[in-house]
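Excluded from the calculations below are hydrogen atoms, water molecules and symmetry mates; all remaining heavy atoms, backbone and side chain alike, are included. Just so you know, these numbers come straight off a predicted model, no measurement behind them.
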Amino acid sequence: MLNRGFDPMRPDTKDMLTDSLNMNFMQAMDYAYNNKKGDWSEKTKSDYKYRHDKFIEWMKYNNVAGLPIEKINKRILTTFLNELSKELGANSINNFRAYLGSMFGKLVDDDILVSNPVSAIAK
């Protein structure tokens, strides 16, 4: 939060804290994606766009997109990866895991989450 301009002594930045604490799952994933994509090569952007869209579609279909971001846990993410394994190979699943790790890592870096639930998922 501090790296985004939040200052606990300035009342005009109070909304930054409130907004991040009230993010739902989909808002948080969009936030992470949009704030990380500037760091990626064109190939990674294309790859992560596909993975992001696929994950957003799954979140909506499974009615988890509106959950508060702090309710997202290893079980939910593992369910997504297990469902993918029915149609994709191990390498593709690991690439989705890397994408999720990157997104949740950004949320931890920006103090939106305390820990990264992807780090608890075995490769």
Side-chain angles (χ1 to χ4, degrees):
M1 298 275 302
L2 296 175
N3 62 349
R4 290 186 293 139
F6 174 72
D7 180 348
M9 303 308 289
R10 287 184 36 215
D12 61 317
T13 64
K14 181 181 172 209
D15 287 343
M16 291 178 74
L17 179 61
T18 305
D19 290 347
S20 67
L21 293 176
N22 292 324
M23 277 189 194
N24 67 34
F25 192 11
M26 194 162 95
Q27 290 168 328
M29 293 308 291
D30 283 341
Y31 168 87
Y33 177 82
N34 289 325
N35 283 282
K36 285 222 32 118
K37 68 181 176 184
D39 300 338
W40 300 326
S41 69
E42 289 304 314
K43 184 176 191 272
T44 302
K45 280 181 189 176
S46 173
D47 181 55
Y48 275 23
K49 171 87 171 105
Y50 162 75
R51 295 182 195 293
H52 184 74
D53 290 348
K54 184 107 171 145
F55 188 52
I56 294 292
E57 177 185 320
W58 181 86
M59 289 186 333
K60 289 178 180 177
Y61 181 80
N62 288 281
N63 298 315
V64 296
L67 289 176
I69 187 58
E70 63 273 5
K71 298 287 186 195
I72 303 311
N73 56 34
K74 176 185 171 186
R75 183 173 160 258
I76 291 171
L77 300 176
T78 302
T79 299
F80 169 69
L81 295 172
N82 287 341
E83 287 184 18
L84 285 177
S85 70
K86 296 173 186 171
E87 61 186 75
L88 299 173
N91 193 38
S92 291
I93 301 303
N94 203 39
N95 289 338
F96 267 98
R97 186 191 170 286
Y99 153 78
L100 291 171
S102 178
M103 297 301 99
F104 280 92
K106 177 65 175 167
L107 296 174
V108 170
D109 289 347
D110 288 358
D111 295 325
I112 294 168
L113 285 177
V114 175
S115 64
N116 185 339
V118 179
S119 61
I121 300 173
K123 290 184 180 181

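Minimum heavy-atom separation, Ala32 to Met103: CB-O, 3.4 Å. Between Leu107 and Ala28, the shortest heavy-atom contact is CD2-O, 3.5 Å. The shortest non-hydrogen separation linking Phe25 to Ile72 is CD2-CD1, 3.3 Å. For the pair Pro117 and Leu77, the tightest heavy-atom approach, listed with the atom from each and the gap, is CG-CD1, 3.7 Å. Smallest separation of non-hydrogen atoms from Val108 and Asn116: CG2-N, 3.6 Å. Closest heavy-atom contact between Met26 and Met59: CA-CE, 3.5 Å.
With sequence neighbours excluded, the residues satisfying side chain to side chain contact (heavy atoms under 4.5 Å, CB included) with Asn34 are Asp30, Lys37. Residues satisfying the salt bridge (charged side-chain N to carboxylate O under 4.0 Å, His left out) test with Lys45, not counting sequence neighbours, are Glu42. Remark: Asn95 engages no residue in a side chain to side chain donor-acceptor pair (under 3.5 Å) (not counting sequence neighbours). Checked against side chain to side chain donor-acceptor pair (under 3.5 Å), Thr44 has the following partners two or more places apart in sequence or in another chain: Ser41. A search for side chain to side chain contact (heavy atoms under 4.5 Å, CB included) contacts involving Thr78 returns Lys74, Asn82, Ile121, not counting sequence neighbours. Listed by chain and residue number, nothing satisfies the side chain to side chain contact (heavy atoms under 4.5 Å, CB included) test with Ser115 (two or more places apart in sequence, or in another chain). Among residues two or more places apart in sequence or in another chain, the side chain to side chain donor-acceptor pair (under 3.5 Å) test is passed with Lys54 by Glu87. Partners of Tyr33 according to the ring-ring contact (aromatic ring centres under 6.0 Å, His included) rule, which considers only residues two or more places apart in sequence or in another chain, are Trp40, His52. Judged as a side chain to side chain donor-acceptor pair (under 3.5 Å), and not counting sequence neighbours, the contacts of Arg51 are Asp47.
Residue pairs meeting the ring pair (Phe, Tyr, Trp, His ring centres under 6.0 Å) criterion with at least one member in residues 103-123: none, sequence neighbours excluded. Residue pairs satisfying the ring pair (Phe, Tyr, Trp, His ring centres under 6.0 Å) criterion with at least one member in residues 76-95, sequence neighbours excluded, are listed as follows: Phe55-Phe80, Trp58-Phe80, Phe80-Phe96. Screening residues 94-104 for salt bridge (charged side-chain N to carboxylate O under 4.0 Å, His left out), with sequence neighbours left out, gives no hits.
In this structure the side chain of Asn24 never reaches within 4.5 angstrom of the side chain of Leu67, judged on heavy atoms. When side chains are defined from C-beta on, Ile76 does not count as touching Asn62, because their heavy atoms never get closer than 4.5 Å.
Leu113 CG to Met23 CE: the interatomic distance, rounded to the nearest 0.5 Å, is 9.5 Å.
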